[in-house]
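The sequence lines fix the lettering, A, B, ..., with proteins before strands; numbering per chain opens at 1. Bear in mind that the values here come from a model prediction, so they are computed numbers and not experimental data.
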There are 2 protein chains.
Amino acid sequence: MTSPSQTFDFDQAVALQELSIGNYSGRTHAAWLNMVGPFGGITAAVVLQAVMQHPERLGNPVSLTVNFCAGVAEGAFEIVTKPARTNRSTQHWTIELTQASQVVITATAVTALRRSTFSSVEVQMPALAIASSLPRAQPPALPWTHRYDMRAIKGHLPVVWDGSESDTLTQMWVRDVQERNIDFVSLTAIADSFFPRVYLRRKTFVPIGTVSMTVYFHTDAADLNALGSGFVLGQATAQCFFNGFFDQSAQLWSEAGTLLATTHQVVYFKE
Amino acid sequence: MTSPSQTFDFDQAVALQELSIGNYSGRTHAAWLNMVGPFGGITAAVVLQAVMQHPERLGNPVSLTVNFCAGVAEGAFEIVTKPARTNRSTQHWTIELTQASQVVITATAVTALRRSTFSSVEVQMPALAIASSLPRAQPPALPWTHRYDMRAIKGHLPVVWDGSESDTLTQMWVRDVQERNIDFVSLTAIADSFFPRVYLRRKTFVPIGTVSMTVYFHTDAADLNALGSGFVLGQATAQCFFNGFFDQSAQLWSEAGTLLATTHQVVYFKE
């Protein structure tokens with residue numbers, strides 16, 4: 001059984017009790033609720049946490065895909081995680097989160113022992129105002145948004161919901177309000193912290209739900225650790241809205257300009 | 001048992017024999033081999049094929065993630081696919097491909113009954129020379145590349161492998177040489193038809209292997225069907241190369257300018 005730090009709400013929300021190797025129980029956390037059920041990012045984070053605390057884990061995350069099969073209900077859940085294949089330097093994981101014996105989340109992950117190789121970032125970090133020069137955005141009335149200090153440069157939630165169309169580019173600095181040190185698990189939650197692109201595109205409120213989300217990690221544990229609790233620059237945009245689903249792609253950068261992760265998701269929307 | 005058309009090499013390569021509901025056997029196809037084992041795109045395609053021919057499938061693909069846990073060996077394989085969760089309009093799938101009882105591929109997919117909604121494409125299709133005005137690129141000595149008619153506008157394989165660095169943007173028209181009508185399964189294979197970005201970035205040959213690949217579909221069966229065997233415009237680029245892995249994102253457009261799919265992958269590379 002693990003005993004994660006109980007200091008931060010985030011650690012409480014992703015705390016898992018080991019029932020047996022690869023089998024965990026957890027509970028949703030009131031501070032991380034969304035409109036209905038928990039914030040998707042905290043669910044993705046707890047899925048990765050199940051991999052991170054598996055005793056057979058090899059290396060650190062390279063890739064994570066989380067499929068939201070149904071709404072997570074408030075309360076208890078179980079996670080089964082297993083290494084489907086372990087190679088010399090990479091390991092493939094399958095994860096399933098259930099509630100009342102029903103599958104709620106399916107997920108896959110890749111962890112790897114990285115080696116020092118040619119490294120190069122092709123995408124440019126936008127030159128933007130630094131976090132400390134910007135005010136904290138007023139969070140809406142959703143518990144999870146109060147867990148983040150978001151400082152929007154462009155494309156925060158619409159001020160006027162008038163149904164006019166616009167682009168969906170968001171650029172914002174974000175960090176945990178409780179200034180917890182960034183790790184792979186909290187970075188995963190931040191990867192889902194962008195408001196649904198359809199709100200920006202249409203300035204109309206419609207029911208939405210992420211269907212599948214992928215995170216590619218471009219950093220290692222030592223580099224992440226060196227960031228402490230600093231801000232992350234997030235840049236997100238949509239490519240396509242088509243008959244009930246849209247996609248969303250984002251990049252997460254450190255204040256020093258390191259590309260930490262790229263992330264993609266497909267989201268259901270009504271009407 | 002299904003009896004797919006045997007006219008096209010592609011159909012032969014993705015042909016699956018039903019052993020029982022959700023259990024299939026297949027074989028790799030000589031025409032679709034890569035440097036070692038089959039082309040990743042044909043493997044991703046056969047994984048989706050297992051979902052497509054499952055008798056309980058609801059709707060058409062919205063999302064597919066395929067994890068390449070180990071190299072697929074030439075010869076026989078088995079696929080187990082199951083609906084992990086079926087909702088009113090969406091369905092979540094888990095898929096596993098094995099060889100000699102070892103897990104070689106894990107995958108998840110989402111299918112959905114789409115409804116007509118607000119639809120809008122935010123990303124712009126680049127204005128490029130039309131396919132018929134361009135010569136077919138000379139394919140390298142890899143069997144699968146001979147299955148495609150690729151017409152590069154920018155960023156085909158380097159002509160001179162001199163180790164100089166450049167950007168990784170590829171723009172190319174592509175279609176099946178055998179002019180088979182496009183469907184979700186063949187579109188999946190095309191989503192992996194871009195040469196590894198690291199070759200373009202470094203103009204140096206290094207061993208590579210896709211680790212995880214995701215496709216988001218932005219089209220329905222009727223629209224796809226109307227395309228016949230036309231060319232698809234593919235545009236791909238990398239964002240980051242870091243310690244043994246790089247990412248790659250691409251868009252696939254119809255000749256008429258419809259965004260058919262967006263796709264992302266993370267790829268292992270050596271050195």
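For a residue to count as touching a neighbouring chain, one of its non-hydrogen atoms must lie under 4.5 Å from one of that chain's; by this rule A/Thr237 touches chain B with the side chain only. Heavy atoms closer than 4.5 Å to chain B are found in the backbone of A/Phe68, but not in its side chain. Both the backbone and the side chain of A/Ser120 come within contact range of chain B, each with at least one heavy atom under 4.5 Å from a heavy atom of that chain. Using a 4.5 Å cut-off between heavy atoms, B/Ser212 contacts chain A through both its backbone and its side chain. Interface remark: B/Val110 contributes side-chain atoms only to the contact with chain A (heavy atom separation under 4.5 Å). For A/Thr262, the part lying near chain B is the side chain, with the backbone staying farther off; criterion is any non-hydrogen pair under 4.5 Å. The part of A/Glu271 that comes within reach of chain B is its backbone (N, CA, C, O), which places non-hydrogen atoms under 4.5 angstrom from that chain. The contact between A/Ser116 and chain B is made by backbone and side chain atoms together, counting heavy-atom distances below 4.5 Å. Neither the backbone nor the side chain of A/Ala109 comes within contact range of chain B, judged by heavy atoms closer than 4.5 Å. No part of A/Thr86 comes within reach of chain B, as not one of its non-hydrogen atoms sits under 4.5 angstrom from that chain. Only the side chain of A/Arg202 comes within less than 4.5 Å of a heavy atom of chain B; its backbone N, CA, C and O stay farther away. Interface remark: B/Asn87 contributes side-chain atoms only to the contact with chain A (heavy atom separation under 4.5 Å). Neither the backbone nor the side chain of A/Gln124 comes within contact range of chain B; no heavy atoms are under 4.5 Å apart. Proximity to chain A is limited to the side chain of B/Thr94, based on heavy atoms less than 4.5 angstrom apart. Residue A/Val121 touches chain B through both its backbone and its side chain, counting heavy-atom pairs closer than 4.5 Å. For a residue to count as touching a neighbouring chain, one of its non-hydrogen atoms must lie under 4.5 Å from one of that chain's; by this rule A/Gln91 does not touch chain B.
If you take CG on B/Leu260 and CZ on A/Phe242, they are separated by 10.0 Å, rounding to the nearest 0.5 Å. For the atom pair CZ of B/Phe246 and OG1 of A/Thr117, the computed distance is 11.0 Å after rounding to the nearest 0.5 Å. Between the CD atom of A/Glu122 and the CG atom of B/Asp167 there is a distance of 5.5 Å, given to the nearest 0.5 Å. Rounding to the nearest 0.5 angstrom, the gap separating the CG atom in A/Asn67 from the OG1 atom in B/Thr90 is 10.5 Å. For the atom pair CD1 of B/Ile95 and OG1 of A/Thr108, the computed distance is 10.0 Å after rounding to the nearest 0.5 Å. Atoms SG and NE2, from A/Cys69 and B/His92 in turn, are 4.5 Å apart once rounded to the nearest 0.5 Å.
The choice from A/Val266, A/Asp247, A/Asn243 that makes the most heavy-atom pairs within less than 4.5 Å of chain B is A/Asn243. Most heavy-atom pairs under 4.5 Å with chain A: of the set B/Thr65, B/Leu259, B/Val198, this distinction falls to B/Thr65. With chain A as the partner, the residue from B/Ser119, B/Ser89, B/Ser63, B/Ser249 showing the most heavy-atom pairs under 4.5 Å is B/Ser119. The candidate from A/Thr168, A/Val211, A/Thr204, A/Thr106 with the greatest count of non-hydrogen atom pairs under 4.5 Å with chain B is A/Thr168.
Note: B/His264 and A/His264 have parallel aromatic rings, judged against thresholds of 30 and 60 degrees for the angle between ring planes.
By the neighbour-count criterion of 12 heavy atoms within 6.0 Å, atom NZ of B/Lys82 is sparsely surrounded, having that number or fewer from other residues, nucleotides or ligands. Atom NZ of A/Lys154 has more than 12 neighbouring heavy atoms from other residues, nucleotides or ligands inside a 6.0 Å radius.
B/Phe269 and A/Phe118 make their closest contact through CZ-O, 3.3 Å (heavy atoms, listed as atom of the first residue, atom of the second, distance). Between A/Val103 and B/Ala84, the shortest heavy-atom contact is CB-O, 3.6 Å.
At least one cation-pi condition fails for B/Arg114 and A/Phe245: the charged atom is not both under 6.0 angstrom from the six-membered ring centre and inside a 45 degree cone around its axis.
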